[in-house]
Amino acid sequence: SGVSLAGEQLFVATRDGFLLSLNRADGTEQWRSRLTSEALSPASTDTRRVFVHTVDGRVTAFERADGKQAWSYETAMPVLTVRGTGAQQVLDQFVVTGFATGKVVALDKTLGIPRWEVRLASPDGRSELERLVDIDGQPVWEEGIIYAASYHGNVAAISLNGEPRWQEAGSSYGHPELALGNLYLTLDSDVIQAYDQNNGARVWQQPALSGRKLGQVTAHGRWLAVADNDGYLHLLSQVNGELAARRLLRPKPLHIGYPNQTEATNWRAVRGKHMGIRSALLSTPEGLLVYTNTGELLLLEIRDR
């Protein structure tokens, strides 16, 4: 599910349903708590508690000091869901997250009870696949407004009291990116769409990368960066969506120890799904961090020509 850092603690949720607290200095385990299911998104924290969203539709709060459960909130799950869960956005009073029901829910941070919910998508269609409405991206918060997007549904801006400010069509597996007064979103059709942050009006659309199985778009400087399933990193202009640059981040050959083989034959070129970049890109002051499907971590410097 990824690693979350809070003070001197690292939090990791495991595939077999445990939440671990590790010491930041030496990696020793401080405590572990049992989860109700697998967690696919990183934990979120405040100064007192750590919050985990598991694939069975639960959000659970644990005390950071000793790992004891403080509260748990459960929502009814559809028959079929997209594999993934949205990470929580922890605010002063609320824990805001999206569920496979197509709803964004604000939970009271102290008690774990829902204070409001907003539906971004309604299940509609003849098959279970057509009725998928998951919200798998983390809600984004800026200046008192929460932004979120759903699969087979809408992208929306929601006030802290739960009142929608605007909603526009935009089916996506990920979460929006905010920059330059716009909201940028990778649609499930692999189209990059820009919306006006204030009113949801469509600013521009870039369909040239359709079919490349794009990841989540990330703002870096004056650019937008997005990676695809073939291992390419693309740069777009935030102003008009124009494609500015592209680079293939070809992974190094993998070393596989086959018995009774020479060392030369133990190296295998990377092909297929291993060429891709599935993890979200991370913008840092030092450069753009990219984590590939083969486990390589790269720091890229973006230079203007």
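These numbers come from a predicted model, not from an experiment.
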Enquirer: Can you confirm whether Y232 is buried at OH, in the sense that more than 12 heavy atoms of other residues, nucleotides or ligands lie under 6.0 Å from that atom?
Expert: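 Not more than 12 within 6.0 Å, no.
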
Enquirer: Does L281 reach the side chain of L289, with side-chain heavy atoms less than 4.5 Å apart?
Expert: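 No, every pair of side-chain atoms sits at 4.5 Å or beyond.
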
Enquirer: Just by modelled atom types, is the A156 backbone N or O under 3.5 Å from a matching donor or acceptor in the N154 side chain?
Expert: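 Pair absent, no side-chain N/O of N154 close to backbone of A156.
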
Enquirer: Could you tell me the separation between the OG atom of S283 and the CD atom of E177, rounded to the nearest 0.5 Å?
Expert: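 Rounded to the nearest 0.5 Å, the OG-CD separation comes to 8.0 Å.
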
Enquirer: Could you tell me which non-hydrogen atom of S210 sits nearest to which non-hydrogen atom of V191, and how far apart they are?
Expert: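 Result for this residue pair: OG-CG2, 3.7 Å.
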
Enquirer: Test of understanding: clusters of I, L, V, M, F, W, Y form through side-chain heavy atoms closer than 4.5 Å, transitively. Do L282 and L297 belong to the same one?
Expert: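 Result: yes, single cluster for both.
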
Enquirer: In this structure, is the centre-to-centre distance between the rings of H175 and Y147 below 6.0 Å?
Expert: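 For Y147 and H175, the ring centres are not under 6.0 Å apart.
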
Enquirer: Run the side chain to side chain contact (heavy atoms under 4.5 Å, CB included) check on L209 and L243 step by step: do they pass?
Expert: CA-CA 9 Å; L209 302 177; L243 286 167; 4.2 Å; yes

Enquirer: Before giving the answer on side chain to side chain contact (heavy atoms under 4.5 Å, CB included), spell out for L187 and S171 the whole-Å C-alpha distance, their side-chain angles and the decisive distance to 0.1 Å.
Expert: CA-CA 6 Å; L187 303 181; S171 175; 5.9 Å; no

Enquirer: Side chains of V290 and L299, heavy atoms from C-beta outward: is any pair under 4.5 Å?
Expert: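 No; the side chains remain at least 4.5 Å from each other.
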
Enquirer: Indicate whether the side chain of T54 and that of S37 have a donor and an acceptor atom separated by less than 3.5 Å.
Expert: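 Not at all, the side chains of T54 and S37 share no donor-acceptor pair under 3.5 Å.
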
Enquirer: What is the distance from atom CG of N293 to atom OG of S279, rounded to the nearest 0.5 Å?
Expert: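 That separation rounds to 7.0 Å.
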
Enquirer: Do F99 and Y73 come close enough that some side-chain heavy atom pair is under 4.5 Å?
Expert: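 The answer is yes; the side chains approach within 4.5 Å.
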
Enquirer: For residues 178-205, which residue pairs qualify under salt bridge (charged side-chain N to carboxylate O under 4.0 Å, His left out), counting only residues two or more places apart or in two chains?
Expert: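 Residue pairs with at least one partner in residues 178-205: there are none.
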
Enquirer: Any idea which heavy atoms bring Y184 and L224 closest together, and the distance?
Expert: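 Where Y184 meets L224 most closely, the heavy atoms are CD2-CD1, 3.5 Å.
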
Enquirer: Please list, chain by chain and in numerical order, all residues satisfying salt bridge (charged side-chain N to carboxylate O under 4.0 Å, His left out) with R32, sequence neighbours excluded.
Expert: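 Scan of R32 (salt bridge (charged side-chain N to carboxylate O under 4.0 Å, His left out), adjacent residues dropped) gives E29.
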
Enquirer: For the residue pair L107 and K109, establish whether any side-chain heavy-atom pair is separated by less than 4.5 Å.
Expert: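 A side-chain contact is absent here, since even the closest heavy-atom pair is not under 4.5 Å.
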
Enquirer: Using side-chain heavy atoms (C-beta onward) and a distance below 4.5 Å, is Q9 in contact with R24?
Expert: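 SC-SC contact between Q9 and R24 ruled out.
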
Enquirer: For S44, check side-chain hydrogen bond (donor to acceptor under 3.5 Å, both in side chains) against everything at least two apart and list the hits.
Expert: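 So S44 forms a side-chain hydrogen bond (donor to acceptor under 3.5 Å, both in side chains) with Q88.
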
Enquirer: What distance do L249 atom CG and T292 atom OG1 have between them, rounded to the nearest 0.5 Å?
Expert: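 Those atoms lie 8.5 Å apart.
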
Enquirer: Do the side chains of W204 and L180 join up, straight or via other hydrophobic residues, at under 4.5 Å, putting them in one cluster?
Expert: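 Same cluster: W204 reaches L180 through Ile, Leu, Val, Met, Phe, Trp or Tyr contacts under 4.5 Å.
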
Enquirer: Are the side chains of L233 and L248 in touch, meaning some heavy atoms are under 4.5 Å apart?
Expert: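 With C-beta onward as the side chain, the pair stays apart.
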
Enquirer: Tracing side-chain links under 4.5 Å among I, L, V, M, F, W and Y, which residues wind up in one group with L235?
Expert: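 W223, I302, listed by chain and number.
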
Enquirer: Tell me every residue that passes side chain to side chain contact (heavy atoms under 4.5 Å, CB included) with R165, counting only those two or more places apart in sequence or in another chain.
Expert: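 So R165 forms a side chain to side chain contact (heavy atoms under 4.5 Å, CB included) with I145, A157, S159.
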
Enquirer: Take E63 and R49, measure what side chain to side chain contact (heavy atoms under 4.5 Å, CB included) needs, and give me the verdict at the end.
Expert: CA-CA 5 Å; E63 302 293 344; R49 290 174 176 167; 3.2 Å; yes

Enquirer: Side chains of I192 and L214: closer than 4.5 Å at any heavy-atom pair?
Expert: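 When only atoms from C-beta onward are counted, L214 and I192 do touch, with a gap below 4.5 Å.
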
Enquirer: Looking only at non-hydrogen atoms, find the nearest pair between V140 and Q89 and report the distance.
Expert: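 So the minimum-distance heavy-atom pair works out to CA-NE2, 4.1 Å.
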
Enquirer: Output all residues satisfying side-chain hydrogen bond (donor to acceptor under 3.5 Å, both in side chains) with R212, sequence neighbours left out; order by chain, then residue number.
Expert: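 Counting only residues at least two positions away or on another chain, R212 forms a side-chain hydrogen bond (donor to acceptor under 3.5 Å, both in side chains) with D228.
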
Enquirer: Closest approach of A169 and V155, non-hydrogen atoms and distance?
Expert: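 Scanning both residues completely, I find the closest heavy atoms to be O-CG1, 4.4 Å.
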
Enquirer: Hey, can you tell me if W166 and Y195 have their rings parallel, tilted or perpendicular (30° and 60° cut-offs)?
Expert: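 The rings of W166 and Y195 lie parallel, inter-plane angle below 30°.
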
Enquirer: For R64, give me all partners under salt bridge (charged side-chain N to carboxylate O under 4.0 Å, His left out), at least two apart in sequence or on another chain.
Expert: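 Residues passing salt bridge (charged side-chain N to carboxylate O under 4.0 Å, His left out) with R64: none at all.
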
Enquirer: Linking directly or through intermediates, with side-chain heavy atoms under 4.5 Å: list the remaining ILVMFWY members grouped with L20, chain and number order.
Expert: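 Taking Ile, Leu, Val, Met, Phe, Trp and Tyr as members, L20 shares its hydrophobic cluster with V3, L5, L10, V12, F18, L22.
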
Enquirer: Measure across G98 and P139 and return the closest heavy-atom pair with its distance rounded to 0.1 Å.
Expert: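 Reported closest heavy-atom pair: N-CG, 4.3 Å.
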
Enquirer: With rounding to the nearest 0.5 Å, note down the distance linking OG1 in T36 to CG in D56.
Expert: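 Rounded to the nearest 0.5 Å, the OG1-CG separation comes to 3.5 Å.
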
Enquirer: Applying side-chain hydrogen bond (donor to acceptor under 3.5 Å, both in side chains), can you list everything that pairs with Q93, at least two apart in sequence or on another chain?
Expert: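 side-chain hydrogen bond (donor to acceptor under 3.5 Å, both in side chains) check on Q93 returns nothing, list empty.
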
Enquirer: For Q205, give me all partners under side-chain hydrogen bond (donor to acceptor under 3.5 Å, both in side chains), at least two apart in sequence or on another chain.
Expert: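 Q193.
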
Enquirer: Looking at V50, is its backbone amide N or carbonyl O close enough to the side chain of T45 to form a donor-acceptor pair, meaning the two atoms are under 3.5 Å apart?
Expert: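 Side chain of T45 to backbone of V50: no pair is present.
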
Enquirer: Looking only at heavy atoms, which two atoms of G241 and L236 are closest? And how far apart?
Expert: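 Taking G241 first and L236 second, the nearest heavy atoms are O-CD2, 3.5 Å.
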
Enquirer: One thing to verify: whether E117 and R119 come together as a salt bridge, which I'm taking to mean a side-chain N less than 4.0 angstrom from a carboxylate O.
Expert: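 Between E117 and R119 there is no salt bridge, as every charged N stays at least 4.0 Å from the carboxylate O atoms.
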
Enquirer: Should I146 and L120 be counted in the same cluster of Ile, Leu, Val, Met, Phe, Trp and Tyr side chains packed under 4.5 Å apart?
Expert: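 Yes, same cluster.
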
Enquirer: Under the 3.5 angstrom rule, does the side chain of W116 hit a backbone N or O of L160 as a donor-acceptor pair?
Expert: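 Checking the backbone N and O of L160 against the side chain of W116, a donor-acceptor pair under 3.5 Å is found.
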
Enquirer: For V96 and V104, what are the C-alpha separation, side-chain angles and deciding distance, and is it a side chain to side chain contact (heavy atoms under 4.5 Å, CB included)?
Expert: CA-CA 7 Å; V96 182; V104 175; 3.6 Å; yes

Enquirer: Is T186 reaching over with its side chain to a backbone N or O of V217, donor-acceptor style, under 3.5 angstrom?
Expert: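 It does hold such a pair.
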
Enquirer: Any side-chain heavy atom of T60 within less than 4.5 Å of one from E74?
Expert: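 Sidechains of E74 and T60: no contact.
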
Enquirer: Are V90 and L35 connected into the same hydrophobic cluster when the rule is that any two of I, L, V, M, F, W, Y join if their side-chain heavy atoms are below 4.5 Å apart?
Expert: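 Hydrophobic grouping puts L35 apart from V90.
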
Enquirer: When rounded to the nearest 0.5 angstrom, what is the spacing between CD in E296 and CD1 in I277?
Expert: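 It is 9.5 Å, given to the nearest 0.5 Å.
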
Enquirer: Can you name the salt bridge (charged side-chain N to carboxylate O under 4.0 Å, His left out) partners of E286, sequence neighbours left out?
Expert: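 With neighbours one apart ignored, the set is empty.
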
Enquirer: Hey, quick one: are F51 and F62 part of the same hydrophobic cluster, counting side-chain heavy atoms closer than 4.5 Å, chains of contacts allowed?
Expert: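 Per the 4.5 Å side-chain linkage, F51 and F62 are not co-clustered.
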
Enquirer: What pairs of residues pass the side-chain hydrogen bond (donor to acceptor under 3.5 Å, both in side chains) test when at least one of them lies in residues 137-146, not counting sequence neighbours?
Expert: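 Qualifying pairs: E142-Q197.
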
Enquirer: Hey, could you give me the CG/CG distance between D46 and D92, rounded to the nearest 0.5 Å?
Expert: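 It is 10.0 Å, given to the nearest 0.5 Å.
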
